[in-house]
Amino acid sequence: MAANSTATALQLIEQMTRNADAVQQRVLAEILAQNSETEYLKGFDLGGATDRETFKSKIPMMTYEDIQPLIQRIANGDRSPILSARPISEFLTSSGTSAGERKLMPSIKEEWDRRQLLYSLLMPVMDQYVKGLDKGKALNFYFIKAETKTPSGLLARPVLTSYYKSDLFKNRPADPFNVYTSPNEAILCEDNSQSMYAQMLCGLYDRLHVLRLGAVFASGLSRAITFLRLNWKHLSHDIRTGSVSPKFTDPPLRECLARIMRPDPDLADFITRECEKDTWEGIVTRIWPNVKYLDVIVTGAMAQYIRTLDYYSGGLPKACTMYASSECYFGLNLKPMCDPSEVSYTIMPNMGYFEFLPIGGGELVELAAVEVGKEYEILVTTYSGLCRYRVGDILRVTGYHNSAPQFRFVRRKNVLLSVDADKTDEAELQAAVEKASEILTKTSVVEYTSYAETKTVPGHYVIYWELMGGGAPEEGVMERCCLAMEEELNAVYRQGRAADGSIGALEIRLLRSGTFEELMDYALSKGASINQYKVPRCVTSAPILELLDARVVSSHFSPEAPRWSPERRF
Ligand code: AMP
């Protein structure tokens, strides 16, 4: 199903976007016909209708919480057609959570054809802007995450883990546009630190062939560069000797590295020379001089990493190529070399059926009818059984490509803090502060706010606390509070901390007495109304952060990672 040549891919994009509305109607009719006998759709009495009007008049919007009992039944082994007529092949675990756990998105085997189709369009689009990418390699840092099984034996894992473990990826046909320096054995190694080490080694050996450097999200690429900063001595030692370090305990990875590694003292000297320099500015282009762009998502929460990446890469272009989720793959950026602030994604109308809920109120709108300049929450109806499902992403329409609208990713609904795939909302932060403050015996938290600190790599949460009386509790108490907060945060956060190393230790900064009064005075001086003033639970503006940081009395970090296990409650 994948487009197998550049010309076919570009033609397909043109065809789909010229006929966006007709394609959407066809997709909806196909989904409704395919799933007409499901328990879910039968409950709405469509009487076999597959048209838009009947669908709109009879089917309500859906949230994860609405279908959670149905998901639970599927997880427990009920194989009757509940949401999808086709058998559920696995659950994709979203980084969005419900009651502290990853949401489980049902998926069917055929969905991979659609996802693969979208992947197959990316390089043909890129080839229009950057030539010669078929003459070299990509150093992409890709990782798998832990998976688990439901009580009935269905796998539950993140969508990319499912993809990298699939034959589609492992046995992909040779394609000069997609030659990776990372061998499959390195990507598929479950131990993320062995995986990272191996991918970096291979990327260094092949450094002159590398034409693009990437990771899924900007946070991942920043982490890879930091990994090089912390480990270049070991890496260059291994390259000098050409021997496989004993730290590789994964047998397939050891065997694979034994085939690749060779002593290369010149390369080891070169790495040492570059990494020893006082500055790491431009390190990416110094080590990989032929890199033309960074292949990373820097939209949404990832915009926080743009400055770091610019510093390390000397401002290389950052290509945000696609917009996708566990629920559905949405679309691609038809101008991938544009500035991050200009990125718009064109939703491909054949991926699912899309509707848009205007922010600020109004009726659901169809894909081809959204208005330029307006913001909407995206809803999706999928072949796997989601119906008018609220994804939680807010998008702004920036224009049209043919008759398909293009969207800027504005933000995720209700997310206060995020440094990687984690998403913490206000209620979760509040619960964590409450839990941690139970540890305080002689004082209590008067006020708090927070900040996602991404200048450190990995990024970490900073929580500002003002305590009653302004005094500091005895030694060790605040550290326990930090850990108690982390224990209370959701599973994606705890996994990032405990298993993936993608989030650093939570920090509490104690503020001197009266700081939140000053913060209010500042807001009032900027025109806030005293009656409506509320303490912001997350701050991002530089002057406010300066004000807070100038009043910090002490700073405390979580001494260890919170508990996390791939097993979950079903
Ligand atoms: P998950 O369901 O864990 O795969 O996460 C999917 C979510 O990641 C989406 O709903 C978005 O909130 C976010 N996301 C995915 N692609 C992009 C992108 N290109 N830009 C910004 N955010 C994105």
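Counting convention: from 1, in listed order, for ligands and their atoms alike.
- Note that the OG atom of Ser384 and the CZ atom of Phe91 stand 11.0 Å from one another [nearest 0.5 Å].
- Geometrically, ligand 1 and Tyr323 share no nitrogen or oxygen pair separated by less than 3.5 Å.
- Which parts of ligand 1 touch Thr299 is read off a 4.0 Å heavy-atom cut-off, strictly below it: atoms 18 (C), 19 (N), 20 (N), 21 (C).
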Q.
Before you tell me yes or no, could you show the steps for Lys145 and Asp500 under salt bridge (Lys or Arg N to Asp or Glu O under 4.0 Å), namely the whole-Å CA-CA distance, both residues' side-chain angles and the distance that decides it to 0.1 Å?
A. CA-CA 8 Å; Lys145 293 192 186 217; Asp500 307 342; 2.8 Å; yes
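- At the shortest separation from atom 7 (C) of ligand 1 among protein heavy atoms lies Arg412 NH1, 4.0 Å.
- Residue Ile297 has no nitrogen or oxygen atom sitting less than 3.5 Å from a nitrogen or oxygen atom of ligand 1, judged on distance alone.
- For atom 8 (O) of ligand 1, the candidate residues are Ser94, Ala301, Ala324; the nearest heavy-atom contact is made by Ala324.
- Using the six-membered ring where Trp is involved, Trp112 and Tyr163 have ring planes that are parallel, under 30° apart on the 30 and 60° scheme.
- For ligand 1, the polar-atom distance check against Thr93 finds no nitrogen or oxygen pair separated by under 3.5 Å.
- Heavy atoms of Met322 found under 4.0 angstrom from ligand 1 belong exclusively to the backbone.
- Figure legend: Arg212 and Tyr293 shown without cation-pi pairing, the cationic atom not lying both under 6.0 angstrom from the six-membered ring centre and within 45 degrees of its axis.
- For a threshold of 3.5 Å applied to N or O pairs, the pair formed by Ser95 and ligand 1 contains at least one separation below that value.
- If you check each of Ile378, Val159, Val216, Asp393 against atom 12 (O) of ligand 1, the one with the closest non-hydrogen atom is Asp393.
- Taking the six-membered ring for Trp and the full ring otherwise, Phe407 and Tyr323 have centroids separated by 6.0 Å or more.
- With respect to atom 6 (C) of ligand 1, the closest heavy atom belonging to the protein is Ser325 CB, 3.5 Å.
- Distances between N or O atoms of Ser326 and those of ligand 1 include at least one value under 3.5 Å.
- Heavy atoms of Tyr345 approach ligand 1 to within less than 4.0 angstrom.
- Contact record, Gln495 with Ala146: NE2-N, 4.2 Å, taken as the closest heavy-atom pair.
- Between Phe141 and Phe227, the ring center distance fails the sub-6.0 Å criterion.
- Here the OG atom belonging to Ser326 is positioned 12.5 Å from the CZ atom belonging to Arg157, to the nearest 0.5 angstrom.
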